[in-house]
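Because the structure is predicted, anything quoted here is derived from the model rather than measured. Each ligand, and each atom within it, is numbered from 1 in the order the structure gives. All residue numbers refer to positions in the sequence shown, counting from 1.
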Amino acid sequence: MNTACQAAPGSHGLPRLVERAGLWMAANRGWITALQWCVVVIYFALLIIPACLPLPDGARHMTDSLTLIAQFVFWGIWWPGVILATMSVGRLWCGTLCPEGALTEWTSRFGRGLPVPRWLKWSGWPTVAFITTTLYGQLISVYEYPLPALLILGGSTAAAIVVGSIYGRGKRVWCRHLCPASGVFHLMSRMAPLYFKVDRSAWDNWLPVHIAGTRDLMLKPVDCAPLVDVRRMTSSGPCHACGRCAGHRDAVRLALRAPSAEILSATPASVTREEVLTLCLGLLGVATGAFHWSMSPWFVMAKQWAAQWLIEREWWWALSNDIPWFVLTHFPENNDVFSWLDGFMILAYIGATTVVVGGGTLATSAVAAWLSDGRPGRWKVQAITLLPLGGVSVIVGLSMTTVTLLRGEGFQLSWISVSRVVLLGGAGLWAASLALRQIRRGSAASWRRWLAAPFALAAPALVCSAWYIAFRVW
Ligand code: SF4
């Protein structure tokens with residue numbers, strides 16, 4: 001281990017600076033831990049205090065309402081900011097700032113320390129948890145009100161503490177296997193130009209001579225909280241970028257790479273089915289539907305038609321809205337109450353979007369992969385080329401809340417439409433070029449690869465079309 005916090009000889013300029021930053025993280029755990037606890041305090045304050053206050057009326061602004069500040073911090077800055085940060089610097093949020101990660105790791109140090117059971121290791125939990133919390137969040141209006149935010153975010157934090165107090169010893173079992181955001185962060189970090197690089201041969205060939213005088217320290221295994229097998233780590237997906245392993249055996253360093261590097265080097269074995277489902281069905285399907293339904297005239301038309309249909313049959317119960325806020329949105333003081341019909345229509349609309357956009361991207365990617373390269377598992381490699389669009393789509397969707405809140409504060413933001421076009425267009429072109437590059441690498445005959453190209457391009461076109469309709473047609 002490079003205990004002197006020095007970069008390896010031979011690196012210069014920016015790579016050297018980056019490497020030194022990683023070594024600094026390894027040598028300054030105390031500062032990172034202090035930072036994490038500061039975030040924990042701020043997080044609890046913004047989560048709990050607004051839930052105890054009356055809802056602000058329409059005349060209130062962020063300057064005189066903690067509730068609006070918390071709403072802006074959580075949904076206007078935090079979520080889009082964390083997605084953007086993870087795409088840029090990997091899961092630095094998880095490893096150095098996340099309050100849930102800090103709490104579950106801390107409780108795990110003093111908990112029962114049980115081994116992780118098999119059912120908990122099921123790789124589908126993050127996908128299921130992400131889709132479930134997204135749907136539930138829409139039903140109870142988590143972006144708008146502090147009580148639903150307390151229920152969903154606080155519930156997740158409580159579960160993280162409980163899991164930490166039962167399983168693992170000082171580890172992040174929750175983050176590794178259950179966190180609803182972990183699947184998304186895993187995907188986003190695959191695009192990050194900053195990552196912890198492991199030199200496997202340096203690790204294996206590391207000689208005892210390097211540890212003269214510090215043998216005890218050097219023989220200590222890496223304390224990797226999210227349980228990553230650091231020696232075999234080839235993807236930045238599971239790495240929380242906490243920096244603890246930087247310099248270990250002179251084989252791990254913070255490094256730079258091209259943002260497309262991990263996508264283009266993907267193989268059927270390195271991409272899991274759950275990752276692709278989270279990307280296509282979760283991010284491009286469910287999340288897109290969740291962002292769209294409230295601005296969609298099609299949603300309103302379908303709901304009116306359904307209401308008429310119910311009235312003709314005198315099924316009044318379906319139109320009743322006397323429902324607790326933790327089942328469906330119920331804030332009469334803000335004239336915001338959902339009926340059973342509202343809840344059903346929201347789920348139906350998001351479900352339809354998931355089938356069309358999510359299912360469409362999955363199907364076109366699968367056909368493109370089958371035509372260009374019939375080997376098993378190629379559909380996963382082809383579908384993962386949609387990652388840039390998955391990330392930007394979520395950032396653009398979440399930024400709608402940011403824009404609404406800032407406009408409420410009097411900001412004009414006239415540049416926002418152009419920015420969205422640039423962001424989505426850029427991500428669409430990036431995804432399209434990645435998709436075509438994978439097609440070109442296919443093992444099938446040239447005519448089959450030519451046939452595959454339109455299908456490969458159809459997937460990013462479908463996602464861009466969905467956003468075009470939302471921002472230009474509606
Ligand atoms: S591999 Fe583990 S210890 Fe190393 S930076 Fe990533 S999360 Fe931290």
Any side-chain heavy atom of I439 within less than 4.5 Å of one from D373? no

Listing protein N, O or S under 2.8 Å around atom 6 (Fe) of ligand 1 gives C239 SG

Any chance the rings of W203 and H248 have centres within less than 6.0 Å? yes

Pair R176 + E105, salt bridge at N-O below 4.0 Å: no

Would you call E274 and H186 a side-chain contact if the rule is heavy atoms closer than 4.5 Å? no

Mind checking whether W467 and H292 have ring centres under 6.0 Å apart? yes

E100 with R172: basic N within carboxylate O range, under 4.0 Å: no

